[in-house]
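In what follows, a single structure is set out as structure tokens and then discussed.
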Amino acid sequence: NTTYFIRGTVNCVNLLSINGLNGVSIRGWDRDSSKLVYTGVAGAGDFITIIDSSVEFIGLSFGSINNTAGDVVLRANKLPI
């Protein structure tokens, strides 16, 4: 179980991947002031990829400065029910 706190706008150059983990929590103070924004290279892939993991996002907003067809801000596969 791991908790990450985001305060303010965090610009991310790298793609984020969460694979095979359970109990991950990424929390902001509120979604108007706590933001994860992808600022990396356009066309590099999806900003956040979640595979076979239990993850919660609370009080955050997500964004990207890039507009590339096919890439998304958040992609999730094989989530536990």
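Taking the centre of each ring, Tyr38 and Phe62 stay at or above the 6.0 Å mark.
Residues Val10 and Val37 are members of separate hydrophobic clusters, defined by side-chain heavy-atom contacts under 4.5 angstrom among Ile, Leu, Val, Met, Phe, Trp and Tyr. Placement of Leu16 and Ile26 within a single hydrophobic cluster is found when ILVMFWY residues are connected by side-chain heavy-atom separations under 4.5 Å, directly or transitively.
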Atom pairs and distances, side-chain donor-acceptor, residues 48-56, under 3.5 Å, sequence neighbours left out:
residue : atom : partner : partner atom : Å
Ser53   : OG   : Gly20   : N            : 2.9
Ser53   : OG   : Leu21   : N            : 3.0
Ser53   : OG   : Leu21   : O            : 3.3
Ser53   : OG   : Ile51   : O            : 2.9
Glu56   : OE2  : Ser25   : OG           : 3.0
Glu56   : OE2  : Arg27   : NH2          : 3.0

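Residues Lys35 and Thr9 have side chains in contact (heavy-atom distance under 4.5 Å, counting atoms from C-beta outward). Annotation: side chain of Phe47 is not in contact with side chain of Ser64 (no heavy-atom distance under 4.5 Å).
Rounded to the nearest 0.5 Å, atoms CD1 (Ile58) and CG (Asp30) are 13.0 Å apart. Here OG1 of Thr39 is found 5.0 Å from CG of Asn11. Values are rounded to the nearest 0.5 Å.
Side chain of Ser34 to backbone of Arg7: no donor-acceptor contact under 3.5 angstrom is found. At least one donor-acceptor pair under 3.5 Å links the side chain of Asp46 to the backbone N or O of Val72.
Thr2 pairs by the side chain to side chain contact (heavy atoms under 4.5 Å, CB included) definition with Tyr4, not counting sequence neighbours.
Other residues, nucleotides and ligands contribute at most 12 non-hydrogen atoms within 6.0 Å of the CG atom of Asn1.
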